[in-house]
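Working notes, structure below.
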Number of protein chains: 2
Amino acid sequence: MPDFFADKHLFHNPVEFALSKIGGSYKMPILWRLKDKAWRYSALASSIPHISDRMLSKSLKELLNDGFISKEIFPEVPPRTEYNITERGKKAVIIITALRNYGLDLMKDFGIAQE
Amino acid sequence: MPDFFADKHLFHNPVEFALSKIGGSYKMPILWRLKDKAWRYSALASSIPHISDRMLSKSLKELLNDGFISKEIFPEVPPRTEYNITERGKKAVIIITALRNYGLDLMKDFGIAQE
DNA sequence: AGGCATACTTACATTTTTGTTCGTTACTTA
DNA sequence: TAAGTAACGAACAAAAATGTAAGTATGCCT
């Protein structure tokens, strides 16, 4: 696997590419929440621990641009926005699930409590 | 999944924990190379694109401390060191493989060339 | 008129991660 | 004697990711 360019950025392997799309602190938590229902901005904001508006809207915008989620704006007052997962996002949820299970195994392996 | 502490650090979900152990730019490339044979330090250094001594020895040390790899020093001159994967590391390789396949799929999906 | 609500954006500060350069040990070879 | 080699470590610099604080629009409610 040689290096390759994408989005004006250099990558060295497929994992790096995948994590450039769904990595970082908040994208997986967002996709995970959207996996079985629509969520609005404010609900995501209060559900995801410690997330700031900056990181939430930045993450949502990138996931949207990359086609992992879709967005619907309802012209109400105050405005309402709903985010949904797309087909591409559903594929991401599969690997997120695998990573999550691996993480749970590792936690057991390291003797970390979980309730 | 509530927050939890490990290694004096706060985590919010199992994925975050897993990636604290095998994430970053170089740990997966290292584990990937060790999956079917022993490698010595200098071979890893020249095989992994752009890696510096600092990052290589830092990554190796952490993987070693966390039990993903083992190390054998041969008292020759100049010294020779060999790194091997452990059982815990082999489990990591499984999820790395999944992530890699997902990355390849994503690349196709985004129309990125691969030879 | 003033405050509240939602869904954001912008500027700036701080933290985390990674890169660069240099030094070390102990012996061997030119 | 000087230079080379393998496998690092330490100090410092730069870059990338994240955090903080504040501001925006529209319109309702009091």
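Values below: every heavy atom of this structure, side chains too, minus hydrogens, waters and symmetry copies. In this text, all values refer to a predicted model and were calculated from it rather than measured experimentally. Every chain is numbered from 1, with letters handed out A, B, ... down the list of sequences.
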Please write out the pairs of protein N or O atoms and N or O atoms of nucleotides 22-30 of chain C separated by less than 3.5 Å, giving the distance to one decimal.
none

With sequence neighbours left out, what residues match [X] under side-chain contact (heavy atoms from CB on, under 4.5 Å)?
{"X": "A:P78", "result": "none"}
{"X": "A:S25", "result": "none"}
{"X": "B:P49", "result": "A:D3, A:H12, B:R33"}
{"X": "B:E87", "result": "B:K90"}

Distance-only donor-acceptor hits, side chain of residues 63-72 of chain B, under 3.5 Å, sequence neighbours excluded:
residue, atom, partner, partner atom, Å
B:N65, ND2, B:K61, O, 3.4
B:D66, OD1, B:K21, NZ, 3.3

Residues in salt bridge (Lys or Arg N to Asp or Glu O under 4.0 Å) contact with B:R88, at least two apart in sequence or another chain: A:D109
Output a table of nitrogen or oxygen pairs between the protein and nucleotides 13-18 of chain D separated by less than 3.5 Å.
residue, atom, partner, partner atom, Å
D:dT18, OP1, A:S25, N, 3.0
D:dT18, OP1, A:S25, OG, 2.7
D:dT18, O4, A:R54, NH2, 3.3

Sorted by first residue and then second, give each salt bridge (Lys or Arg N to Asp or Glu O under 4.0 Å) pair with at least one member in residues 40-55 of chain A; sequence neighbours left out. none
End axis versus end axis in the helix from C:dA1-D:dT30 to C:dA30-D:dT1, the angle rounded to 10°, five pairs used at each terminus: 30°
Residues of residues 28-39 of chain B with any non-hydrogen atom less than 4.0 angstrom from an atom of DNA chain C: list those, numerically ordered, please. none
Please check the phosphate of C:dC8 (OP1 and OP2 only) for any side-chain N or O of A:Y83 closer than 4.0 Å. yes
Run the ring-ring contact (aromatic ring centres under 6.0 Å, His included) test against B:F11 and tell me which residues pass, sequence neighbours left out. B:F4, B:H9, B:F17
